[in-house]
2 protein chains.
Amino acid sequence: MSAVSSTRAAFSSTPSTGVRSETVRSANLAIILRELHFHGPASRSELVARTGLTRSAIGALVGELVKADLVTEQRAASDGSPGRPSPVAAPVVDRNVTLAVDVAVDSLAVAAVGLGGVVLHAERVDRPRERVAVDATIDDIVAMVRRVEAVLDPNCRIIGIGVGVVGLVNRTDNSVSIAPNLGWHDVAFGARLQHALGSRTEVLVSNDADLAALAEVRRGVAAGIRDVLYVWGEVGVGGGLVSRGEPITGAAGFAGEIGHVPVNPDGRPCRCGSVGCWETEVGEGVLLERSGRSPDGGRDAVDALLADADAGVPSALEALAVQARWLGIGIAGLINVMNPSMVVLGGLLGRVHPYISDQVDAEIERRALESSRRGVVLVPSALGGDAPLMGAAELAFERLLADPLGTLRKVSTSR
Amino acid sequence: MSAVSSTRAAFSSTPSTGVRSETVRSANLAIILRELHFHGPASRSELVARTGLTRSAIGALVGELVKADLVTEQRAASDGSPGRPSPVAAPVVDRNVTLAVDVAVDSLAVAAVGLGGVVLHAERVDRPRERVAVDATIDDIVAMVRRVEAVLDPNCRIIGIGVGVVGLVNRTDNSVSIAPNLGWHDVAFGARLQHALGSRTEVLVSNDADLAALAEVRRGVAAGIRDVLYVWGEVGVGGGLVSRGEPITGAAGFAGEIGHVPVNPDGRPCRCGSVGCWETEVGEGVLLERSGRSPDGGRDAVDALLADADAGVPSALEALAVQARWLGIGIAGLINVMNPSMVVLGGLLGRVHPYISDQVDAEIERRALESSRRGVVLVPSALGGDAPLMGAAELAFERLLADPLGTLRKVSTSR
DNA sequence: TCAGTTTGTCATCTTCACCGACAAACGTCG
DNA sequence: CGACGTTTGTCGGTGAAGATGACAAACTGA
């Protein structure tokens, strides 16, 4: 079981284990820390209002977090209102840090993200196709992590390490089952990276589209929205499903492979071995092909296509129209399945969407049930290409946010 | 917000509100009551082992449940093991009852279900197409409820009332948005039925496929399995999605309309207005049509078709083969989206499955990603046609199981 | 019948949040 | 500039709930 779900089990809706008063403390500390992490600094009185706890309880809880160096308190700047000013609690950004890693197809990124979601330092390097092997990737990541660590506060704690990988990730053991774009197959990536880093904290690995969805829901366009469908498309199409504010992982963590839903059973063969998968109709390759270009023209070819569309070139408009139809068909099906209140489009699909939004909307209106689609909004991703990286950081923070002091005890002894 | 999610919010993973010691008590009472409701009678020492609470805590908690007449304690039958025997706690079935209602296409069912999931009394009546109007339906339900109530223990409490309807149900206000098979449109069904029954407890309404899924996960073939895809098909196709043991409802409760996922965009028109929805390829109508029968032959025609298949009649086998292909295509897509560990087939699809399981498996193997489908099992429904009714009862129990004493206070004052 | 084992019960302790009184720190008004 | 009202932190006391540990009860088996 992943760390996220296990630490939360104590307070889930069907807890097998009993609740003790100690659990109450940990839950209330978690509430406050989550509040500060996600919504930024807040005065004590704001915390009182939001949690419903008393002033004395909040005082004690914040005090404990301060003692643990997770939170600082500062005098409030006077805002003109009467009464004694309430000190403002803020997360200690510099000394509570997660490392986030993104293993993309042609680039590698590492970031250090402080509590509160502040990016302290980030690096992204392009890399040639020859260096995507597992060992080379791990070597490169370790080197980047060392560079990033050198910049950090020497007294800082590494709370967790989160990794996003373009591929199918088994979240029960942080291994990569298959990553076609990297040529990986059954790699115990989490364990190997952890060993290479010499870290005692578990390296959490997840699918990059799932992490992008997490990032958008936590800090992006979908912040605060509980039922979200995130669709990420470049060469392939992936997705992240969020229900009640929590990502749907599936039994082993493979959920969200929406690019391989059959939409055209007699269509093109897919690299997954099936035929007519959604990504064979909305991926970058077909779009370029339909506009008369080479399917592996890459980003530059897409730019040219969109320029053509701006200029009104018929072949470009036609290719986009076909794209719009299939995009609408796939999204409509997923709306019927999930009934989200927001659909977020990332990657290529986010770039293309402004050109075809009307056609996509029309197709959805035709294909999705009226009840299910009522109130749904389609929006482009807010975090762009760094969404998986930000999601990886959030994944690494989850353990701390679920049980602050308990996690800290483990982190401090692991050094 | 539905009662289920609101009562659980206090202990969900992201509680906005603080946790008090009173909440601890209510959570622990809930744990014990859930244990007894779902897993049957248990000795106190078993409860100690399962919850991790101490003997004294369990004693006090069980005592409180006994005082509330939710639980009885009896001396254990000696089982040959040494030591002082632990009294066995069992739910009080007869006096804690929910009413379950199932509004199906051509029948109506009402049941009284006692705590622990025991069906105390159930009635199902077929009804002609002329009586499906809202008012007639409500009249019939009220009459059936009165008959059922007459059989119950005069001292029993009605804990809740749950209703399943063949149609799209808005769970935020228990209204039926649209039920094509009944000709209903925007009906405040929950409120109207509640008024007609003269009840003060909220009548909870949900989609019948969602409820069938709930029933299968709580007490059927999928008991204890956390990620389940339930596919229910007769004339139309519906579904219930379960992730982490909890049903996925979507933003307004419309999630699970898997029958309207586009699988054949240039296929048959669907009664929903779209084209090539999954149910146009796997519903009862096409299956009969493909075997050379009238599409509205109903259950008898299906029986004849299956008899033909047993006898090896080519047209029947061919129709089933086509059915198998489309069934596999749809399920494969949903496996890629959800990564369940079990797929449950209900209704017609459950009946047909034994005839075509190999072909369906083969299609899934071709269409679903290897990682996602690994370990997935397809099984027919265990509860059959009564699954929605049983699910309605479970829906009605949820409030009590989330906060036993708090709910009881409301129930007792409402009479 | 007696030792061994398991379990219920009871008094006491610890933890944690609530409550109420008081003091501190601010703005405002005369 | 100082008194007043307002808001908020702090501190001691209270109550609820589970943990602890000693002791009694109830069963098995020799």
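In what follows, chains are A, B, ... by sequence order, proteins preceding strands, each numbered from 1.
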key: Which nucleotide in C/dA17, D/dG18, D/dT7 has an atom nearest any side-chain atom of B/Ala57   = D/dG18
task = Please determine if a side-chain N or O atom of A/Ser86 lies less than 4.0 Å away from the OP1 or OP2 oxygen of D/dG9.
result = yes
remark   = In whole angstroms, the gap separating P of C/dT7 from CG of B/Leu53 amounts to 16 Å
key: Close side-chain approach of B/Val97 and B/Val113, heavy atoms under 4.5 Å   = no
inquiry  = Looking only at the side chain of B/Val24 (C-beta and beyond, no hydrogens), which of the listed nucleotides C/dA17, D/dT8, D/dA17 gets closest?
reply    = D/dA17
task = Tell me which of B/Gly83 and A/Arg25 sits closer to the 5' end of DNA chain C, going by the nucleotide each one is nearest to.
result = B/Gly83
ask   = Which part of the nucleic acid, if any, lies within contact of B/Ser45, taking any heavy atom under 4.0 Å across all strands shown: a base, the sugar-phosphate backbone alone, or nothing?
value = sugar-phosphate
Residue among A/Asp69, A/Asn155, A/Thr72 satisfying side chain to side chain donor-acceptor pair (under 3.5 Å) with A/Arg95 = A/Asp69
query = Is B/Arg44 close to B/Pro87 at the side-chain level, that is, under 4.5 Å between some pair of heavy atoms?
reply = yes
message = Does this structure show an ion pair linking B/Glu398 with B/Arg34, if we count only N-O contacts that are shorter than 4.0 Å?
response = yes
task = Select one nucleotide: of C/dA17, D/dG9, C/dG4, the one nearest the side-chain heavy atoms of A/Asn28.
result = C/dA17
ask   = What's the closest nucleotide to the B/Arg55 side chain, out of C/dC18, C/dA25, C/dT9?
value = C/dT9
key: Presence of A/Thr54 side-chain N/O under 4.0 Å of C/dC18 phosphate oxygens OP1/OP2   = yes
remark   = B/Arg75 CZ to C/dT7 P, in whole Å, measures 15 Å
query = Roughly, in whole Å, what's the span from CD1 in B/Ile32 to C1' in D/dA17?
reply = 13 Å
request  = Write down the distance between CD (A/Glu22) and P (C/dC13), rounded to a whole number of angstrom.
outcome  = 21 Å
query = Just how far, in rounded Å, is C1' of D/dA16 from CG of B/Leu405?
reply = 14 Å
query = Does a distance-only test, which skips hydrogens and angles, find a donor-acceptor pair under 3.5 Å between the side chain of A/Arg20 and the base of D/dG18?
reply = no
request  = Between B/Leu61 and A/Pro85, just flag the one whose closest nucleotide in DNA chain D comes earlier from the 5' side.
outcome  = A/Pro85
query = Could you give the CZ-to-P distance, from A/Arg84 to C/dA24, as a whole number of Å?
reply = 9 Å
query = For residues A/Glu46 and A/His39, is any side-chain donor paired with an opposing acceptor at under 3.5 Å?
reply = no
task = Indicate, yes or no, whether a donor-acceptor pair under 3.5 Å links the base of D/dT20 to the side chain of B/Ser56.
result = yes
